[in-house]
Amino acid sequence: MPWMNRAVADRVKFDFKDMEVEFTKHTTNLHVKQEKLIDLLTHLREKEGYKLFIDHTCIDFPEERERFQGVYILYNPDTNERVIVKTWSKGGSLPSVEKLWACARWAEREAYDMFGVQYRGHENLRRMFMWEGYPYFPLRKDFPLGGIPEVELPSLTELYAGRTEPPSHDYELVHTRVPTLEDLERTEKSRLQKKAQLVLNWGPLHPGTHGTIWFLFDLDGERVVQSDVILGQLHRGMEKIAENIYYFQFLPYTDRMDYISAICNELSYVTAVEKLLGVEVPEKARYIRTMFAELQRINSHLLWLGTGALDLGALTVFLYAFREREKIMDIIEGNAGFRLTSAFLRIGGVHYDLAEGTLDVVKAFVKDFPNRLKEYHNLLTRNRIWLRRTKDAGVISREDVFNYGLTGPVARGSGVPYDIRKLESYAAYEEVEFDVPVGEVGDVYDRYLVRMEEMVQSLRIIEQCVSKLESLPKSAPYVNKEHPAVMSPKEDVFMDLEDMVKNFRIVVHGESAPKGEVYSSGENPRGELGFYIYSVGGSKPYRLRIRSGALYNLSIFPKLIQNGTIADAIALLGSLDPVVGETDR
Amino acid sequence: MTMLNSNGFVLTTVDELLSWGRRNALWPLTIGLACCAIEMMHAAASRFDLDRLGVIFRASPRQADLLIVAGTVVNKVAPMLKLLWEQMPDPKWCITMGGCASAGGPFPTYSTLQGMDRIIPVDVYIPGCPPHPQGLLYGILQLQKKIKEKGVKKYDKAFEEFKKDIERQGLVPREVTV
Ligand code: SF4
């Protein structure tokens, strides 16, 4: 995807004289003084058409005078250009931009939680992931990855069985801080001031919330007067981990973010890292990647379909969808060796060549799947209960798509054809044909139809990939092992001294990345998954920010459910389809 | 069953009978925390079909006697899980599924609980990231075996220890006013 070009940058500079424009290799950065930040962002939004809010985060530079730098990434849907705006905090605070983009409220909360940056004018600046009363700011550079051990938490199993010498398992007795129920109650109270009759907690450990999301509904009878979402029940510190390990080591962690679409996550991540390192990917690898990413997309949509229907009472669809999921998982397992968190891709290619017979199995699947889709359609599409529950529920307007940074099927359901596969083609998406389905009304039913149609389109892509892969010779390379930062495939390592030494070097010292920054994203089943990597050289990223599609898609939930009922909440949440591993990271 | 007599009656002890009933109707609580929960769902769905073992997921802790901790337990969720565990009636068992729940897994970070056994006593640990559904099946079979051999008596002692321990840590849940 192109970045803001020189002409536009000059035009903006004309209005903002003291702004600095920086063209880096992969991005365009506008450096602005903090006082002018709101003006500049308003200008970009209103005059230049940078309507879609992609992300906001901070970077911590402990040696600098002002320490925290705020980073805003925006997107212009008309010219298909992105831009990064940077500004330094002043006395540890930044102005809040929630008046411009409603979803910024969540991004700012997160930056406050992780860095302790104050936002002036934020309506309710609270901890996003940790609980109220947690004293540290984990993403600051002086905070250790493992946290600060302070409470004694012995293993109860061991306590019961008697402590043996040497201990039956090896662990540290002293553990990081665990909240009490009072802490959690305080967290809840700080989020919502009760206005109506009763505050209902939905989740965090509720089967309908697709994981561990904690909803608060202020109810008047069955009508929701106001609501809020508490996240962080699966906050595992992914971004902190990324800063502490080598680029290739982080790959398996991306699987565990949006665990339903592991290969799509990997694809977004390796695309970003390859851009940074300047790695070319061989043709065969690109097609294998595309094929598996699309299989994974079908897999993910099937889970959405199964659980979404199950929430609305259609148990059969759940069992049917899981039957097909097993088939796809078998294909993935046959190639990657793992069903769910497959870690199949590598920087510069894929881990293994295609296993024997894969293409035949995939072809059989592609042939069989349309009939299964018909079954789902028969069960749901004209089903009276389904229609009553989904039609005209949770309508999202086009303005809100930009206002809340919505992406993926949620944006497309409202008629915004935002699909990274088309706009910033990666892997082999440029060379295959497919359509981007969009909805009209933007209700739950439209999002359902969009996802159903996406599965058909994915099948089309898979078919083209299969025929391409069949035409490629078996000996074609599947990993670009010439590049100094790419590990050689396993069979070479065992046979060739040079490859072994090279792998040894990478494993021990990591890849050495150049200085610079990259923002690159991929079209995940849950929206745009972006990676913003800020590198100061060396083998570890200085800052790796994960732009989660699911988080931004969820940010519109409190608005949509207002004046709705609890029953709507379930249908609505199913259609937004968040995965907690990705929203919380 | 100790003996099935040709005369059509069975001799057994009450303990044995109870344990037979308990181990063949393990009702887990429906809780999914992270990636492992997806594999747990797969184990319950069409192909692996946990219902065959009498394992039927219940949505309320009052009806459940098995807690399958499937996924990463972060510090913030730990007290909630413990509350749920305390709401489950005795006798009850706990299986940790996957590396995260068993020992922190790949997340040795500031926010992750390093092992579920620091909060509640665990009966069966299933390794893997995530374990295959077959792994979960095997774990449940192991638990059945454990119940068969050990019965449920031993747990009284475990709970005493456990109560003492949480009191010491000040983690005892109090009445929550809303
Ligand atoms: S053990 Fe692995 S698969 Fe299971 S929850 Fe932890 S990271 Fe996810």
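Protein chains get the first letters and strands the later ones, always in sequence-line order, with residue 1 at the start of each.
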If I measure from the heavy atoms of chain B, does [X] come under 4.5 Å with its side chain, its backbone, both, or neither?
X        : value
A/Ile230 : side chain
A/Leu198 : neither
A/Leu184 : side chain
A/Met329 : side chain
A/Leu145 : both

Does NZ or CZ of A/Arg323 come closer than 6.0 Å to the centre of the six-membered ring of A/Tyr320, within 45° of the ring's axis? yes
Taking the six-membered ring of B/Trp85 as reference, does the NZ or CZ atom of B/Lys92 fall below 6.0 Å from its centre and within a 45° cone about the axis?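 Cation-pi check for B/Lys92 and B/Trp85: passes.
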With a 6.0 Å cut-off on the ring centroids, do [X] and [Y] count as close?
X        : Y        : value
A/Phe322 : B/His42  : yes
A/Tyr136 : A/Phe143 : yes
A/Tyr376 : A/His301 : no

Identified side-chain contact (heavy atoms from CB on, under 4.5 Å) counterpart of B/Leu66 within the set B/Asp123, B/Leu143, B/Val124: B/Leu143
For chain B, the option from A/Ile260, A/Ile148, A/Asp330 that forms the most heavy-atom pairs under 4.5 Å: A/Asp330
Of A/Pro204, A/Gly147, A/Gly146, the largest count of non-hydrogen pairs under 4.5 angstrom with chain B goes to A/Gly146
Looking at A/Arg191, A/Lys189, A/Arg186, A/Arg126, which hits salt bridge (charged side-chain N to carboxylate O under 4.0 Å, His left out) with A/Glu132? A/Arg126
Region of [X] that comes under 4.5 Å of a non-hydrogen atom in chain A:
X        : value
B/Met116 : neither
B/Cys94  : neither
B/Phe57  : neither
B/Val122 : both
B/Leu84  : side chain
B/Leu33  : both

Relative to chain A, which of [options] shows the most heavy atom pairs under 4.5 Å?
options                             : answer
B/Gly115, B/Ala34, B/Ala45          : B/Ala34
B/Ala59, B/Ala37, B/Ala78, B/Pro130 : B/Pro130
B/Pro108, B/Cys129, B/Gly32         : B/Cys129

A/Arg127 and A/Ser190: side chain donor to acceptor below 3.5 Å: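 Side chains of A/Arg127 and A/Ser190: no pair found under 3.5 Å.
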For the residue pair A/His235 and A/Phe129, categorise the inter-ring angle as parallel (less than 30°), tilted (30 to 60°) or perpendicular (more than 60°).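 A/His235 and A/Phe129: parallel rings.
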If you look at every heavy atom in B/Cys36 and B/Gly98, which pair is closest and at what distance? SG-CA, 3.9 Å
